[in-house]
Peer 1: 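Quick one: this structure, given as structure tokens, is what I'll be asking you about.
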Amino acid sequence: MDVQPITSMKYKVSCGTKTYVVDLNAKICLCREFDLDLISCAHAAAAISKSKHSLFSVSSYYTTETLREIYSGEVMPILHPDEWSVPVEVKSRQVLTPPQPTQAGHPRTSRIESCR
Ligand SMILES: [Zn+2]
């Protein structure tokens, strides 16, 4: 990836034909992975490594303390399917796979390389 600074906290990250803007201060990237998942995307990681800043701490969502807190309560095991109480109207339903849309045009034969 080609990383060019815009400011000390904002970077333009080019990957193939795509260009992303990473704002390390606001913790956002045009790919939206950085701001939605709260984990540095590949573009943010490239910008961080280019910058003089150290890696950012991850969100509290991904800490061991949060994981322990989530599972600190009672977690009931899933019983064997023979022991499940399923209503008759649900049991009689037939679940089919959703219809697959056909894509327009000739199917692609060569792989498009990903930047991730
Ligand atoms: Zn990104």
Side-chain angles (χ1 to χ4, degrees):
M1 288 186 216
D2 179 48
V3 181
Q4 298 296 322
I6 298 170
T7 66
S8 65
M9 293 299 276
K10 220 178 240 186
Y11 290 84
K12 180 183 112 180
V13 179
S14 300
C15 179
T17 58
K18 296 180 180 177
T19 300
Y20 302 89
V21 174
V22 177
D23 187 336
L24 297 177
N25 205 28
K27 296 184 179 181
I28 56 173
C29 176
L30 278 183
C31 78
R32 304 294 316 271
E33 190 178 322
F34 196 19
D35 36 318
L36 294 178
D37 292 345
L38 304 176
I39 296 177
S40 302
C41 60
H43 321 112
I48 290 167
S49 67
K50 180 87 171 187
S51 73
K52 294 183 174 27
H53 305 284
S54 60
L55 279 175
F56 287 88
S57 60
V58 294
S59 165
S60 64
Y61 297 151
Y62 302 108
T63 62
T64 305
E65 290 77 30
T66 301
L67 186 71
R68 284 191 181 126
E69 193 173 321
I70 289 169
Y71 290 102
S72 65
E74 185 178 342
V75 180
M76 294 298 293
I78 297 174
L79 302 175
H80 188 273
D82 292 343
E83 299 179 42
W84 293 355
S85 174
V86 181
V88 175
E89 65 270 13
V90 173
K91 213 175 218 176
S92 63
R93 286 188 194 153
Q94 185 180 12
V95 180
L96 302 173
T97 58
Q100 299 297 315
T102 55
Q103 294 192 348
H106 187 70
R108 186 183 312 278
T109 56
S110 61
R111 183 171 172 248
I112 297 175
E113 195 153 331
S114 171
C115 289
R116 292 182 171 222

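Every number for a ligand or one of its atoms is a count from 1 in the order of the listing.
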Peer 1: What pair of heavy atoms forms the shortest contact from Asp35 to Ile28, and how long is it?
Peer 2: CB-CG2, 3.4 Å

Peer 1: Less than 3.5 Å apart, which donor and acceptor atoms pair up between the side chains of residues 77-88 and the rest of the protein, not counting sequence neighbours?
Peer 2:
residue : atom : partner : partner atom : Å
His80   : ND1  : Asp82   : N            : 3.0
His80   : ND1  : Asp82   : OD2          : 3.4
Trp84   : NE1  : Leu79   : O            : 2.8

Peer 1: Looking at every non-hydrogen atom in both residues, tell me the closest pair between Ser40 and Ala45 and how far apart they are.
Peer 2: CB-N, 4.4 Å

Peer 1: Hey, are the side chains of Val21 and Lys10 touching, using non-hydrogen atoms and a 4.5 Å cut-off?
Peer 2: yes

Peer 1: Take the Zn ion (ligand 1) and tell me which protein N, O or S atoms are nearer than 2.8 Å.
Peer 2: Cys29 SG, Cys31 SG, Cys41 SG, His43 ND1

Peer 1: So, for Leu24 and Ser51, which heavy atoms are closest and what is the spacing to 0.1 Å?
Peer 2: CD1-OG, 4.0 Å

Peer 1: Search all heavy atoms of Phe34 against all heavy atoms of Asp23 and return the closest pair with its distance.
Peer 2: CE2-O, 4.3 Å

